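Being a predicted model, the structure only gives us computed values, none of them experimental. Basis for what follows: all heavy atoms, side chains included, without hydrogens, waters or symmetry-related copies. Whatever order the structure lists them in is the order used to number ligands and atoms, beginning at 1.
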Amino acid sequence: MDRARLRHLLARESGEAERRNPRSKAAYERADHLFGRVPMTWMNKTAGAFPRYLATARGARVTDIDGHEYVDFCLGDTGAMAGHSPAPVAEAVRRRFTESGGATAMLPTEDAEWVGAELTRRFRLPRWSFSLTATDANRWAIRLARAVTGRPKILVNSYCYHGSVDESLIVVGPDGRGTARPGNVGAPCDVTLTSRVAEFNDLSQLEEQLAHGDVAAVLMEPALTNIGIVLPEPGYPAGVRELTRRYGTLLLIDETHTFSAGPGGCTAAWALEPDMLTIGKAIGGGVPAGAYGLSGELAERLLGRDDLDLVDMGGVGGTLAGNALSVAAMRATLEHVLTDEAFAHMVKLSERFEAGVRAGITAHGLPWSVSRLGARTEYRFARRAPRTGTESAAASDAELEDFLHLYLANRGILLTPFHNMALMCPDTTEQDVDAHTGVFADALSDLAG
Ligand code: PMP
């Protein structure tokens, strides 16, 4: 990689973004009352000096306030995997909010049992409860796991992401031991008091940690998706299940992103047998929603415990969780939008996206790799697809990533800001995918000089 050339191109694309997006730039400069000038600080994770401001979004298309249209492969980092404002969700939300009336009344609606039954059909766990975010689903599932096992610790994979969950902000340090993830903001205590960590795809490290006998649950994604995509090697998922059973540890699978693998996520696609499962983002079709599922045996054991306050302030609930609006949106999304047929279409497009990226990489002889998980594809700056989170973290290249994101955005294509990830939704078309393939090839040619 010619770094001088890369820097020159990055400066050129930054200049182009300022020229193309004066309104977004001005809106950002005016936002004095927002912490970090944005409604959420990670909106500052954008290639270039300011974020583009959203004007409209429908299906796989987004427009900004400067009047530019984008093919959106970011899709709200999975929150909009059903496409932006899909018609059945818009209709269900309108009906619930205006026609029937009532978004949040602390009373159940009949939609909730429909959603529970559908989640059972898809993910094979028989009892469900709702949250508004995947983070909260994970927090509550962790508490339940500790309560039911009487064990204090949670084990996660190095460089995982499960939301702003204190117990998960741990990595394997250079000395092979667990240590706080760099940058962790205001940790309540030393993370090694609450957590253990093992590299993804490393069963011997996992066994070594579980053998301490203090791990309530292994919280994991079936494939890592937040440090690039790291796919499991053959035998790894079955090995995790076998070891967790052997050491009396619950297996808690987070399908929030790996839902891209199919209608029942990796759990259905790979016949995983979790004790608990969490999911968020996409299942609400853009409306805040999350859920956790429990095995029948766990649900019974928990409900049978008089000492646990599952009803009031015991730490496993939220006032708006399971509200009528959120549940109506989940039902519409699962019943009419993220259907089995929709996934077939999305996966086919993702294969096309992967082939396009691979062709570009091969044409330029670049030492990069591509990984795909159903409707989600990601390219990584490593010759061999990384097999652990630490390997994948080592392959990141912020400058190169910023250049690609800016180059694509300036030409009407959005990727997920945190990495080179592209997601398909039911409205994505072959033309959209080919548009990325073309611009990606041009970016590589520009880089080559
Ligand atoms: N789990 C996984 C696997 C995620 O990728 C994320 C967010 N990227 C979360 C949980 C947390 O989701 P949220 O921020 O919507 O709570």
Between CD of Q209 and CG of L243, what distance do you get to the nearest 0.5 Å?
12.0 Å
Output for pair (D166 CG, S195 OG), nearest 0.5 Å, gives 8.5 Å
Carboxylate-amine/guanidinium proximity below 4.0 Å for D340 and R121:
yes
Please check whether N226 reaches ligand 1 - meaning an N/O of the residue sits under 3.5 Å from an N/O of the ligand, judged on distance alone.
yes
Quick check: does W42 get an N/O under 3.5 Å from an N/O on ligand 1?
no
Only heavy atoms of [X], strictly under 4.0 Å: list the atoms of ligand 1 that pass.
| X | result |
| --- | --- |
| H257 | 5 (O), 8 (N) |
| E221 | 3 (C) |
| Y161 | 1 (N), 2 (C), 3 (C), 4 (C), 6 (C), 7 (C), 8 (N) |

For V165, is there any backbone N or O sitting under 3.5 Å from a side-chain donor or acceptor partner on S168?
yes
Lys/Arg cation over aromatic Y407: R411, 6.0 Å, 45° cone:
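Geometry flag: set, cation within 6.0 Å and 45°.
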Using a 4.0 Å heavy-atom threshold (strictly under), name the region of T78 that reaches ligand 1: side chain, backbone, both or neither.
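T78 to ligand 1: no contact under 4.0 Å from either part.
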Using a 4.0 Å heavy-atom threshold (strictly under), name the region of T135 that reaches ligand 1: side chain, backbone, both or neither.
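The answer is both, backbone and side chain.
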Qualifying residue for ring-ring contact (aromatic ring centres under 6.0 Å, His included) with F73, from Y379, F353, F440:
F353
Protein heavy-atom partner closest to [atom] - residue, atom, separation in Å:
| atom | value |
| --- | --- |
| atom 1 (N) of ligand 1 | D254 OD2, 2.6 Å |
| atom 12 (O) of ligand 1 | A134 CB, 3.4 Å |
| atom 6 (C) of ligand 1 | K281 CE, 3.7 Å |

In terms of relative ring orientation, are Y292 and W140 parallel, tilted or perpendicular, with 30° and 60° separating the classes?
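The rings of Y292 and W140 stand perpendicular, inter-plane angle above 60°.
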